[in-house]
Amino acid sequence: NMSHCFVLQVLFSTMFGLLLVLCVLLPPSPGAQIPNQGQPKHPPIATNGERFPWDQMRLPQTISPLHYDLTIHPNLTTQDFTGVVRISLDVHEDTSAVILHAKQMEISNVLLLAPEGARPLKVLEYPGFHQLALISDSVLTKGRKYEVQLEFAANLSDSFHGFYKSSYRTSSGEVRTLASTQFEATFARGAFPCFDEPAFKANFTVQIIREPRHIAVSNMPKVKTVVLPGDLLEDHFDTTVKMSTYLVAYIVSDFLSVSRTTQHGVKISIYAVPEKINQTAFALDAAVKLLDFYDDYFDIPYPLPKQDLAAIPDFQSGAMENWGLTTYRETGLLFDPDKSSASDKLSITKVIAHELAHQWFGNLVTMEWWNDLWLNEGFAKFMEFISLDITYPELHVDDFFLNKCFEAMEVDSLSSSHPVSTPVENPTQIQEMFDDVSYDKGACILNMLRDFLTPEAFEIGIIRYLKRYSYQNTVNSHLWESLTDVSDDSSCDVGTHVQKWYSDDELDVRAIMDTWTLQEGFPLVTVEVKGREVRLSQERFLRTDDHSLTEGFLWQIPLTYMTSASNTIHRFLLKTKSDVLYLPEEVEWVKFNVNMSGYYMVHYAGDGWNSIIKLLQHNHKALSGNDRASLIQNVFQLVSVGKVSLDTALELSLYLSNETEIMAVTRGFGELVPLYKLMEKRDMTVLEKQMKGYIVELFRDLIDQQQWSDSGSVSERVLRSYLLLFACFMNYEPCVRKAIQLFSQWKESDGTVSLPVDVSMAVFVIGARTPEGWDFLFEKYRNSLQMSLKSRYKSAMAISPLQDKLQWMMEQSLHGEVMKTQDLPDVVVSVAKNPRGYKLAWDFLRASWVTLVKKFDLGSNALSYMVTGVTNQYSTREMLQEIRSFFDSLTEETGSQMRCIQQTYETIEDNIRWTDTNLPLLQSWLNKRSRRATHEDL
C-alpha cells in the first residue's frame with residue numbers, strides 16, 4: 001500500500017512543500033513474536049460486566065478460519081450497511097469459545113452450525129481489543145469442522161478506512177456517493193466480523209446487494225446477479241484464493257470502466273467516475289505491461305482471472321494492493337497526456353508498479369505479522385525500480401532511486417528510529433510501521449543486497465522464496481534462507497559467478513542482513529588513506545550530543561570502492577569495528593560506496609575530503625551522478641555530527657555551478673535549501689538573503705539554459721520544472737518576468753491558452769501572489785476534472801504569500817466540501833513550509849488536533865507527516881518549549897505515544913545544535929566569498 005505521504009518530492013518539497021505525491025499503500029508483513037504489552041493489567045471485562053475469556057490483543061491459535069461466506073448490503077442513502085457472515089472453522093484444540101474481531105458494529109443472531117444442527121451462541125464484546133467471544137455451552141472438539149454465523153449492522157465510516165463513504169461532484173454540480181473499502185492494516189474488523197490478523201488466511205465468497213443504478217466490484221469476477229424483492233439486485237462473486245483479511249475489497253458505485261487482456265490472459269480494467277474515464281488510457285496500458293512483466297520475472301502466473309484498478313475520489317494513502325482490485329487516489333491513476341507533467345507520469349507508473357508487485361510480495365506471500373511489514377513494503381518499493389527500469393526505460397527511474405535512501409536516512413539518523421523489523425502489537429503501533437523505514441530503507445537494503453549477490457543470484461533467490469511460500473506467511477529469516485541457498489548452489493553458474501569476490505564460508509546472508517534489519521540506524525564508515533594503506537572503521541551515524549547512544553552497534557557492511565588508478569569496482573565485506581585494506585599502488589583519491597548502492601555514509605579522514613573537492617572542481621565527470629549526489633549528502637550530513645567543518649561542505653558545493661545531472665543537482669538543493677529554511681523562521685533576513693543569493697548564483701547558468709517548453713527526457717523535464725519553480729520562488733528576475741507574462745496571457749484567455757506543462761507550476765506560483773490571480777486559480781481548480789492539473793493549482797495556491805488565503809485553504813480542506821480532506825496533510829505541510837504561513841500551520845494543527853486524529857487515525861502516516869512537516873524547521877528553544885507543552889498535554893487516546901512526536905523533539909534539538917555551532921561560520925564564509933567575488937570583478 002502506498003501511504004500518501006510517501007511522497008515523491010520531485011519538486012523541492014524541502015522548499016515549497018510542493019509535494020508531487022506518489023502514494024501507494026503497501027501491504028502488511030508477518031511477525032512471529034507477541035510483545036506482552038498487549039495484556040490488560042486486570043482481567044478484561046466484557047461490555048455486559050462479565051469476565052471476557054481472553055486477555056491478549058493477539059487472537060488465540062486454537063481456531064482458524066477456512067472460508068468466509070459474506071453478504072453485505074450497503075445503503076448509500078442512509079449511509080449504513082447490514083450483513084451476514086458464515087465462517088467455517090478448523091478447531092486445533094478443544095475449546096468452548098471462538099475469539100475473533102469486530103469493531104463498532106451491532107452483532108445479532110449468532111449461531112453455531114454443527115453436524116447435529118444449529119444452536120445460538122452467547123456473545124461477549126471487549127471493545128478495548130476489538131474482540132468478540134462466541135461462547136458455546138458444549139465443547140468444540142479438536143479436528144471437527146464447525147461453522148459460525150453472525151448478523152451485523154454498522155454505519156459507513158466517515159474516515160478513510162473500513163467500509164467508508166466517498167463522494168464526488170459532477171460538472172453539473174450534483175454530488176454523488178459511493179462506498180469503498182480500505183482494510184489494511186486492522187480495519188476489516190470494522191466491515192465484518194473476522195479473524196483480522198494476516199496469518200489467518202482463508203477463502204472468501206462475497207455477495208453484495210445494491211440498487212440497479214449502481215455497480216459492485218470485488219476481488220473476484222462476478223458470477224451472477226440475482227433479482228431480489230424491493231427493486232434490489234444481489235451480485236455473487238467467485239470464491240477468492242487463500243488470502244489475508246486486509247486484502248478483501250469491494251466497491252459500490254456508479255463508476256465506468258475500460259478493459260484489455262494481458263498476454264497471459266488476465267483481464268485488466270480501470271474504474272473511475274464517469275466524467276474521468278477518458279483519463280484512464282495510460283494506466284490501462286501500464287497495468288497490462290507491468291502485470292505481464294511480473295508474471296514473467298517471478299516465473300509464477302498471476303493466479304486470478306482479473307485485476308481491476310479503481311480511482312477512488314476520497315483516499316488517504318496513495319494506493320492499496322487488494323488482491324484483484326487495487327485502489328488508488330485519483331491523482332495516482334488518472335493521466336491526461338496533454339495536461340500531465342513528466343513527474344506525474346513517473347509517479348503514476350511507480351504507483352501501479354508498486355501495487356502490482358504486491359500481488360506477489362504481500363498477497364501471495366504475506367508476512368506472518370506486522371513487525372515484518374517491510375517484507376511487503378520494502379519489496380514493493382524496490383520492485384517499482386526494477387520493473388520500470390525494464391518496462392519503461394525512457395522514464396530513467398534510476399535517476400530517482402537514491403532519494404529513497406536519503407529520505408530513509410533522515411529519520412534513521414535519530415535515536416527515535418526503529419529497526420526495519422520491530423515488535424508491534426496495538427493498531428497505532430501497526431499503523432506507524434507504514435513509514436520511510438519500512439518502505440524506503442527496506443528498498444535500499446534490498447538494493448544493497450542485490451548489488452552484493454549480483455542481480456542474477458538475487459532474482460533466483462526471490463523466485464525461490466515466492467514459490468516456496470506461496471499462499472503462506474513468512475518471517476525475515478525465510479527470505480535470507482532462500483537467498484543463501486543460491487550462493488551455495490554450485491550447480492548454478494550464477495553461483496560460481498558470484499563467488500568471484502568472496503568465498504563460500506564468508507557468505508552468510510542471514511548474518512549480514514540481520515545487522516541491517518534487527519538494529520536501527522546505519523553505519524558511518526571512516527576511511528583514512530596513508531600511502532597504499534586504507535584504514536577503515538565503522539560507528540553508528542546519529543544526530544545527537546549523547547555519544548553513549550552510538551555504543552554497541554556493529555554492521556556487516558558490503559563495501560565497494562574505486563580509485564583514481566582504476567575504475568573497476570572493488571569489494572570488501574567489513575565485519576569488524578575496524579580493518580585495513582591495501583591498494584596495489586598509491587592513488588590521488590578513493591570513492592567508497594560506489595553509486596551509493598550501500599545504505600551507509602562515508603567520512604574521508606585526513607586529507608580525504610580535500611582530494612575529493614579537488615576532483616569535483618577539476619573533473620567532476622570522473623564520478624557518476626549518483627556518486628556526486630552521495631558525496632554532497634555525506635559531507636553536509638557530516639557537518640551536523642561535527643565530523644566535518646561547514647567550510648569544507650560549502651567549498652565542495654562550489655562545484656555545483658558545473659553540475660547538470662538531476663540527482664546531484666536536486667541533492668545540492670536538498671542540502672542547501674534547509675539552511676535558509678531554518679533562518680526564515682528566526683527573523684534573520686540579512687543572512688537568509690545572502691544564503692538564497694548564493695544558491696541562485698550557484699545554479700544561475702543551469703537556470704538560464706532552461707527552455708520554457710516540454711522538450712527533453714523525463715529527467716530533463718523534471719529538472720526543468722524544479723529549476724524554474726525555484727528561480728521564480730527566489731524572485732530571480734528573468735524567471736519572474738517570463739512567468740508574469742505567461743500568466744497574464746493564460747488568464748486573459750480564461751485558461752484556454754495551453755501552457756507548457758513543465759513550466760506551468762512556476763507560472764501558477766507567480767500568478768498566485770496577487771488576490772486576483774489566486775482567485776482565478778481557485779476558480780479553475782474548482783471546475784477542473786484534470787487530476788494532475790488540479791494538484792498543481794492547489795500546490796501553487798498553498799505557496800502564495802496571501803495569509804488569509806492560506807488560512808482559508810486549511811479550513812476548507814478540513815471541511816472537505818470544496819477541497820478534499822484527503823489533501824489536507826499536503827496543504828498543511830505546504831503552508832508550514834511557506835515563509836508567510838508557518839505560524840498559521842502550527843496554530844491550525846493545535847486547534848484541529850482532535851478532529852484530525854478522528855479523521856486520519858492514530859499512528860497514520862498522514863498524521864505523522866503533518867506533525868513532522870509543521871515542526872521540523874524550527875530551531876529555537878522557545879519554539880521547542882511551545883511544541884513540547886502542546887504534545888505533552890495529550891493523552892494516549894489523542895496520540896501522546898506516537899513516534900513522530902519523539903522525532904519532532906529530536907529534529908528541533910538537532911536544528912538548535914546546528915544553528916548554535918554553524919550560523920556564525922556560515923555568515924563568515926558567505927562574507928568571505930562575496931569579498932572574493934567583488935575582488936574578482938575588479
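Taking the centre of each ring, F183 and Y246 stay at or above the 6.0 Å mark. For Y781 and Y793, the ring centers sit 6.0 Å or farther from each other. For an aromatic pair to be called close, the ring centres must be under 6.0 Å apart, and F160 with F856 satisfies this. The ring of F361 has its center closer than 6.0 angstrom to the ring center of F298. A centroid separation of 6.0 Å or more is found between the aromatic rings of W774 and F764.
With respect to D823 and R329, a salt bridge is recorded, a charged nitrogen being found less than 4.0 Å from a carboxylate O. Using a cutoff of 4.0 Å between basic side-chain nitrogens and carboxylate oxygens, R169 and E174 are not scored as salt-bridged.
Residue pairs meeting the salt bridge (Lys or Arg N to Asp or Glu O under 4.0 Å) criterion with at least one member in residues 254-265, sequence neighbours excluded: R176-D254, R260-D285. Every pair passing salt bridge (Lys or Arg N to Asp or Glu O under 4.0 Å) that includes a residue from residues 301-313 is listed here, sequence neighbours excluded: K306-D308. The stretch residues 226-242 participates, sequence neighbours left out, in these salt bridge (Lys or Arg N to Asp or Glu O under 4.0 Å) pairs: R210-D235, K222-D235.
No hydrogens or angles considered: a donor-acceptor pair under 3.5 Å links the side chains of T239 and T205. A side-chain N or O of N783 and one of E779 form a donor-acceptor pair less than 3.5 Å apart.
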